[in-house]
Amino acid sequence: MAQKRGLLLLFLGMELLLVGLFLYQSQHHHGFIFSSHLLIQDRPEMGEELPFLVQVSSPGIPYRDVYSNLSQIYPVNNSAEDLPNCPIVSPYVNGPLKVIIPENLTMEKVEKKNLLVEMGGQYRPPDCWTRHHTAVVVPYYGQAQHLQYLLFHLHPFLQRQQLHYAIYVVNQVKNAAFSRGKLRNVGFWEAMQEEDWDCIFFHDVDLLPEDDRNLYICDIFPAHVSVAIDKFNYKLPYRGYLGGVFALRPIHYLRINGFPNTYKGWNGEDEDLAARVKLSGMLLSRPHLLFGRYHMLEGGPESGHEQNPGRAGLLSWIRRRWRRDRINSLAYRLLSKEQRPLYTNLTVDINFSVPGAPVSS
């Protein structure tokens with residue numbers, strides 16, 4: 001019996017080898033052949049016409065321009081019902097990316113580089129039917145240049161992964177201290193009213209992803225995605241750090257009761273969020289440090305806002321307070337909703353203290 005089992009395993013191994021060779025010769029990028037291709041890559045394609053203010057890459061690791069080979073994506077004549085399913089692994093995912101910031105970048109130039117993006121910043125693969133639907137929510141407090149850089153880099157990054165996605169910029173009017181948690185809550189509710197998104201990415205405006213294997217899709221657990229930021233030498237600054245880019249399914253969002261509305265500025269919210277995930281009985285997912293790499297733009301938003309003076313006191317009450325400081329205590333006024341060529345702009349007034357359901361106007 002043992003000899004027969006050994007022969008069967010040998011036969012299966014030979015079959016896998018033959019299948020792998022066939023896929024390699026057919027230039028399909030699936031399974032272990034695809035993984036090998038990501039680790040052994042050609043040099044990046046040249047031809048970017050704009051001079052660079054910044055070029056960021058990792059020494060010794062091949063990298064590509066985020067716009068390389070996207071010209072191969074174009075609409076087909078098939079109706080939406082007749083489109084084939086997108087492959088499990090996108091053929092445009094390559095691995096490490098060259099993060100570039102062109103000089104004299106304008107929104108018009110970003111629009112010309114992303115002609116397949118529809119009004120409101122929404123995109124669907126034009127040549128296949130995708131199984132992934134992701135909304136990206138960006139809390140915003142007037143960092144116009146950072147927003148241009150993010151849109152320039154993030155749109156092609158997401159298109160490489162063959163996602164159906166949309167970008168929502170939640171723009172807080174400056175009549176109150178910046179509240180990232182509150183803006184995240186607003187973005188979630190407004191985005192879910194438009195589409196039945198199965199994944200929500202909450203994205204700081206000053207972070208640019210450096211590897212397209214960092215897939216913007218949701219796992220069975222909440223995910224902290226920006227685990228290796230260059231400012232922190234590509235490692236977590238401390239164990240409970242959950243800042244930068246965070247991903248949730250709608251069911252995850254409800255289980256943690258949304259994001260805290262109480263914190264102002266940039267301190268304390270990460271620890272609160274980590275506690276909410278733990279207290280709700282869920283585990284936390286993180287990508288590999290090699291994939292979850294980000295470049296942080298200089299002059300990040302946290303440098304322009306005062307720190308939260310009540311951080312220590314708020315954190316000491318997390319266990320008692322997390323079920324009260326939640327989505328039901330969110331109060332805001334939606335001043336405008338504009339579908340712009342590269343994103344949906346939500347201008348909100350969060351200077352309300354009366355608890356209750358969101359108020360729109």
Do the ring planes of [X] and [Y] sit parallel (below 30°), tilted (30 to 60°) or perpendicular (above 60°)?
X	Y	answer
Tyr241	Phe232	perpendicular
Phe246	Phe259	perpendicular
His155	Tyr165	tilted

Fill in: Partner residues of Lys337 under the salt bridge (charged side-chain N to carboxylate O under 4.0 Å, His left out) criterion, sequence neighbours left out
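Lys337 satisfies salt bridge (charged side-chain N to carboxylate O under 4.0 Å, His left out) with Glu194 once adjacent residues are dropped.
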
Item to complete: Can you sort out the partners of Glu338 under salt bridge (charged side-chain N to carboxylate O under 4.0 Å, His left out), two or more places apart, ordered by chain and number?
Response: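 In terms of salt bridge (charged side-chain N to carboxylate O under 4.0 Å, His left out), with neighbours along the sequence ignored, Glu338 is linked to Arg340.
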
Donor-acceptor pair, [X] side chain versus [Y] backbone, under 3.5 Å?
X	Y	answer
Ser226	Gly243	yes
Lys231	Glu298	no
Glu210	His295	yes
Thr347	Asn171	no
Trp129	Cys86	no
His153	Pro209	yes
Arg276	Ile256	yes
Glu118	Arg124	no
Arg249	Cys218	yes
Gln161	Tyr216	yes

Min side-chain heavy-atom separation [X]-[Y] under 4.5 Å:
X	Y	result
Arg64	Lys98	no
Leu208	Leu154	no
His252	Met282	yes
Val117	Pro341	no
His164	Glu195	yes
Val348	Val173	no
Leu158	Val136	yes
Pro102	Lys109	no

Over all atoms of both residues, closest heavy-atom pair of [X] and [Y]:
X	Y	value
Asp65	Leu97	O-CD2, 4.4 Å
Val227	Arg286	CG1-CD, 3.4 Å
Cys199	Pro250	N-CD, 4.4 Å
Pro139	His203	CD-O, 3.5 Å
Tyr343	Val169	CD1-CG2, 3.4 Å
Ser71	Tyr74	O-CD2, 4.3 Å

Starting at [atom1] of [X], measure out to [atom2] of [Y] and round the result to the nearest 0.5 Å.
X	Y	atom1	atom2	value
Phe152	Ile101	CZ	CD1	9.5 Å
Tyr149	Leu297	OH	CG	8.0 Å
Leu342	Met119	CG	CE	9.0 Å
Asp211	Asn94	CG	CG	10.0 Å
Asn345	Ile167	CG	CD1	12.5 Å
Tyr92	Asn69	OH	CG	7.5 Å

Worksheet item: Can you name the residues that form a side-chain contact (heavy atoms from CB on, under 4.5 Å) with Ala274, not counting sequence neighbours?
Response: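 Expected list: Leu242.
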
Practice prompt. Tell me, please, which residues at least two apart from Ile217 pass side-chain contact (heavy atoms from CB on, under 4.5 Å).
Written response: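 Ile217 satisfies side-chain contact (heavy atoms from CB on, under 4.5 Å) with His132, Leu163, Leu215 once adjacent residues are dropped.
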
Worksheet entry | Asp212 and Arg160 ion-paired at < 4.0 Å |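 Counted as a salt bridge, because a side-chain N and a carboxylate O are separated by less than 4.0 Å.
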
Fill in: Salt-bridge criterion met for Arg180 and Asp204 (N-O under 4.0 Å)
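So Arg180 pairs with Asp204 through a salt bridge.
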
Worksheet item: In this structure, are over 12 heavy atoms from other groups packed under 6.0 Å from Asp196 atom CG?
Response: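 Atom CG in Asp196 is not packed in, count stays at 12 or less.
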
Worksheet item: So Asn185 and Tyr253, side-chain hydrogen bond (donor to acceptor under 3.5 Å, both in side chains) or not? Walk me through it.
Response: CA-CA 9 Å; Asn185 285 330; Tyr253 179 88; 2.6 Å; yes

Worksheet entry | ILVMFWY cluster membership beyond Leu115 - transitive side-chain contacts under 4.5 angstrom |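 Besides Leu115, the cluster holds no residue at all.
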
Worksheet item: Hydrophobic clusters join Ile, Leu, Val, Met, Phe, Trp and Tyr when side-chain heavy atoms are under 4.5 Å apart, directly or via other members; which others share one with Phe221?
Response: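 Answer for Phe221: Ile220, Leu283.
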
State plainly whether one hydrophobic cluster holds both [X] and [Y], where clusters connect Ile, Leu, Val, Met, Phe, Trp and Tyr through side-chain heavy atoms under 4.5 angstrom apart.
X	Y	answer
Val137	Leu254	yes
Ile251	Trp197	no
Tyr141	Phe202	yes
Val76	Ile73	no
Leu151	Leu116	yes

Is it the case that [X] and [Y] place a side-chain donor and acceptor less than 3.5 Å from each other?
X	Y	result
Asn114	Gln159	yes
Glu190	Tyr332	yes
His146	Tyr140	no

Discussion item. Against the six-membered ring of Phe291, is Arg213 placed for a cation-pi contact (under 6.0 Å from the centre, within 45° of the normal)?
Written reply: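 Not satisfied by the 6.0 Å and 45° rule.
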
